[in-house]
Amino acid sequence: MAYDPFSVERKWQKAWEEAGLGKAEPDPGKPKFFLHFAYPGPSGFFHVGHMRGYTYSDVIARIKRMQGYNVLFPVGIHATGNPAVGFATKVKKKDPVMLEYLKENGVSEQDIQKLETPEGVVDFFAEEYPREWKSFGIIADYGRLTCTIWPDYQKFIEWQFKKLNELGLLVQKPYYATFCVRCGPVAVDPSETDISKGGNARKEEYVALKFKLEDSDEYLVAVTLRPETVYGQTNLWIDPEGEYSRVRVGSEVWVVCKQAAEKLTYQKDDVEILGDVDPKDLLGKKAIAPGIHKPIPILPAHFIDLEVGTGVVTSVPSDAPDDYIGLRDLWENPSELEKYGIDPEEVKKIKVIPIIKTPGYSDTPAKDVVEELSVKNQFDREKLEEAKKIVYSKGFHTGVMNENCGKYAGMPVNKAKELVKQELIESGEADTFWDLSEEVVCRCGSRVVIKKVDDQWFIKYSDPEWKEKSKAHARSMRILPPEYYESMPQVIDWYDDRACTRMGTWLGTKLPFDQKWIIEPISDSTLYPVMYVLSKYTNAGKLKPEHMTEELLDYLLLGKGSPEGHGIPKELAEEIRREFEYWYPVDLNIGGKEHKTVHFPVYVMNHVAVLKPEHWPKGIFVHWWITGKGGKISKSKGGASTSIPVITKRRSVDALRLYYCHSASPFVDSEFDEGTVEQYEEHLQKFYSLATELYSKAGEEEKEIDKWLESRVSKRIADSKESLEEYNFKRVLDQVFFGSMQDLAWYQKRGGNNKQAVKRALEKVLRALCPFVPHVCEEIWHEIGNTSLLSAESWPEVTQVDEKAIAAEEMVQNLASDIREIIRLVGKKPARIVLFVAPEWKRIALEKARELSPKEVIKGLMQLPEVREKGKEGVKYAQFLVKHMKELPDTVLSRDEEKSALESASEYLSKEFDAEVLVQLAEESDNPKAGNAVPMKPAVFLE
RNA sequence: GCGGGAGUUGCCUAGCCAGGUCAUGGCGCAGGGCUUAGGACCCUGUGGGUUAGUCCCGUCGAGGGUUCAAAUCCCUCCUCCCGCACCA
């Protein structure tokens, strides 16, 4: 009978829910296990990538549950931040890709309307996500669902920030934020929720070099990321077609491009735009270069990007391809200079000043690379970009400052950079300037700039004492994979203060003591497993947001103060406190690799800061991604075909779960391949039919092989124990799923036919397999006559394993393959197969050899009378043993046991090879092949 | 740059931390079985050689080294991927 996963899966999901298997209540009599995954934000339907981690979580939860733990496995929604806002905006704008996506996932017209507001999006997915989890067979405590923008959660976040503040871990200081000149703060990130252009822009801190004009007190200001190259400056570049402004910055007057002038007003304190400057009036004049204190000429160039920087560029032709090519263009085409009344002869006199010695290049690498790539002129942008990359990375990493660099001569470039920067700023010859690496435009169409915010709130992750405590705790945690365990202390070290609030429009909790700020999404998701204890009470209406005062939460979470006087019954407060102490700490937090430097470090640190040591987390499990073709799965790249509501209509959930657990290690990225899922589906079909048919057709007949079956599957389960503890699901499944399937097939092939034996073996396998592919296991469990829910049953007990029976069957299997090999080589079908059982003395020798080191074997064996009396034959066998030391069988049967095992297998062999099978003792035959017999590997003679 | 990950046989993947019994499993391909046929399924093979099986040679990005023994440990190099913060 064929197995229909779709109806079966729904049936059992319903049964599990009705039985309340996921509902977690404290039970002091049972050990507890608290695990959760990094909760998702409402950015769309789940796709096959999300479900990887959720499946692992469920597998672990199920295993722990079956192993007798009281498991708390709750779920939540991370609604804070941009995603819901961005989602709603697209729906409201009737973005065609979005509407198509919603339709493909089966959203009704009516529901689409609800998705036009961020709150609507959150509400929708707060219902949708649990549905999708359930459709994947995930047994969680859905009654504890929490959401980061619900009032109870917000109360909890307020509490957390009050605690951080009390501990002195919140600080205010200036910050350079991305800012739309019209709408205020915006997020610049690849999702481009707030912006319409420039999602990949990076915020960079430049050094602004000040060049005093020779004939005035004003400064031309150029920005650079390579301040150490000031020693090679030969001239300044400005764009003759650009618009420039005079700007008063404090007591100085700067000349920069118009765009930069505006930017300055946002990031410097005392700035005033004074008026326009015609660049043509500046061309040909000279200005004093900082660092080298020499006048250099101002020349025209056409490669300047006025959107980035100040529109003024200092020229270092030795190490900047743009600058070199700019000069070369002027040398070759003096008419450009005459246009602006500049004497070409003056420009011809400019000499490139070598400043950096880079291995593999001359002292003017820019020239080398420009010529190597044969860059035509300054408009050859593509090649120039490449040249820039080569020169910069080589120069920066391997270069050394040369004798033209004053006191920095001999210093590696990467070291000189910081020192030169400091010196220039301290002497007042330079300043800092923040800019975005490319143009960024807000959704409203206005420009996005960097604005200095004076009172930005930070979480002080730089605090050394906090770091040390966190690192020490991280070392005591169980963190998988091991490489991440090793790097966690480094990651914590690398962590700097994190801006934890923002202004502007997105979802989140207001900072309790400074209401103009909204707490940022990563920062409100650090201590949140606590909410999974409280949400049981808030969702039931027993604990209301207004009860969740600082004092009550202090009592519940820190044990401070009294259970009384909080507006809820004392008994309830005590109950919640007890429940918190029961479940906490978190045993395992599961998340994707993107959280290695995002969520997990702050998760550890916030627990360490706020909660008592006995409540600090114990484990982290990081898994890698399921990727689409050529990278991350996204909605725009045909994401709908891999979204969960769609794919579960087509593929069985167990097959997908098996795919996650078996196709690759959790610790590598894996490209999603539906064909492979289909294969797994077929394996499951096969498993189902093999198991059910074997059971339904079996009779009462008892055979040797019955004992073998139960032993064999028990051994598999026992052998996979270690892999299970390491969450190496692939290895577990190799044994328990694929291995057991082979065993069942072998049992059938060998004529096994006993209902009770099949049932006993199957039950063991199903118990061990249920966490991975629960639906099909549950179905078979009932088909073989059980009425309980398998998912609520216990992990299989491993009965004693009959090693001899296992060894005997392995011998038969190997023998069959040997016979096959010989037939292949001979090329003809035998009528008769004679098997010779190795004599007892070879067994004695083998056991003895096992105890000896390879060098002693021959000598040691020849001391045995049983071997010595065999003469040459004995030596030959001893040599054989030496050679095969590593592959000797673990279990060796006696001669008679082996003979009887072969005899009982002769019926099978005879059928398999369509030949008469005869078993003889080697010593009783004078057939020349008989001498080849070794224990557990009979000699074979075909005729 | 800083931090992290990875290069395996036609393809995907396992093995690497704890060196030897081992290049694993799947896909694809080939042969056979079953079938009216096709598919599915089952068996066998799939680097090369091989005298009837325990054999020989080759192979885990490249090159060195350690070792009786290296995909695995060490060094150098090459290539690819990811994150770098108010973004989940």
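Chain A is the first sequence line, chain B the second, and so forth, proteins listed ahead of strands; every chain is numbered from 1.
Using a 4.0 Å heavy-atom distance criterion, A:Ile819 is classed as making no nucleic acid contact. Across all strands shown, A:Tyr495 has heavy atoms under 4.0 Å from base atoms, whether or not it also approaches the sugar-phosphate. No contact: A:Ala177 has no heavy atom under 4.0 Å from any strand. Counting any heavy atom pair closer than 4.0 Å across all strands shown, A:Trp517 reaches no nucleic acid atom. Heavy atoms of A:Ser523 sit nowhere under 4.0 angstrom from any nucleic acid atom. Contacts of A:Val622 with the nucleic acid, taken as non-hydrogen atoms under 4.0 Å apart, are absent. Using a 4.0 Å heavy-atom criterion, one finds that A:His595 contacts no nucleic acid atom at all.
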What's touching nucleotides 25-27 of chain B from the protein side, N or O pairs under 3.5 Å?
residue, atom, partner, partner atom, Å
B:C27, OP1, A:Gln679, OE1, 2.9

Is there any protein nitrogen or oxygen under 3.5 Å from a nitrogen or oxygen in nucleotides 30-35 of chain B, and what are the pairs?
none

With the criterion being N/O to N/O and under 3.5 Å, what pairs connect the protein with nucleotides 2-11 of chain B, and how long is each?
residue, atom, partner, partner atom, Å
B:G3, O3', A:Gln490, OE1, 3.1
B:G4, OP1, A:Gln490, OE1, 2.9
B:G4, OP1, A:Gln490, NE2, 3.4
B:G4, O2', A:Lys596, NZ, 2.7

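Summarising the base pairing, B:C73 is matched to B:G65 through a Watson-Crick or G-U wobble pair whose two defining distances lie under 3.5 Å. If you check B:C17 for Watson-Crick or wobble pairing at under 3.5 angstrom, you find it has no partner at all. B:C60 makes up no base pair with any nucleotide shown, lacking Watson-Crick or G-U wobble contacts both under 3.5 Å. With a cut-off of 3.5 Å on both pairing distances, B:U35 has no Watson-Crick or G-U wobble partner at all. With both pairing distances under 3.5 Å, B:C80 is matched to B:G5 as a Watson-Crick or G-U wobble pair. In this entry B:C29 has B:G45 as its Watson-Crick or G-U wobble partner, both defining distances falling under 3.5 Å.
A:Asn932 CG to A:Lys937 NZ: the interatomic distance, rounded to the nearest 0.5 Å, is 11.0 Å.
To the nearest whole angstrom, the two C1' atoms, one in B:G49 and one in B:U35, are 38 Å apart. Nucleotides B:G38 and B:U21 place their P atoms 43 Å apart, quoted to the nearest Å. To the nearest whole angstrom, the two P atoms, one in B:U46 and one in B:C55, are 16 Å apart. With C1' as the reference atom, B:C22 and B:A69 are 14 Å apart, rounded to whole Å.
Figure legend: A:Lys842 and A:Tyr877 shown as a cation-pi pair, the cationic atom lying under 6.0 angstrom from the six-membered ring centre and within 45 degrees of its axis. By the 6.0 Å and 45° rule, A:Lys173 stacks over the aromatic ring of A:Phe458.
Between A:Tyr908 and A:Trp746, the distance from one ring center to the other falls under 6.0 angstrom.
Ring pair A:Phe729/A:Phe772 is perpendicular by interplanar angle, where above 60° counts as perpendicular and below 30° as parallel. In this structure, A:Phe737 and A:His683 have perpendicular ring planes: the angle between them is above 60°, well past the 30° mark. Aromatic ring orientation, A:Phe667 versus A:Phe621: tilted (interplanar angle from 30° to 60°).
In terms of position on RNA chain B, the residue among A:Gly81 and A:Pro938 whose nearest nucleotide sits closer to the 5' end is A:Pro938. Nearer the 5' end of RNA chain B, as judged by each residue's closest nucleotide, is the contact made by A:Glu726, out of A:Val940 and A:Glu726.
For the side chain to side chain donor-acceptor pair (under 3.5 Å) criterion with A:Thr501, the lone passing option out of A:Gln456, A:Glu520, A:Lys510 is A:Gln456.
If you check the side chains of A:Asp524 and A:Thr80, you find a donor sitting under 3.5 Å from an acceptor.
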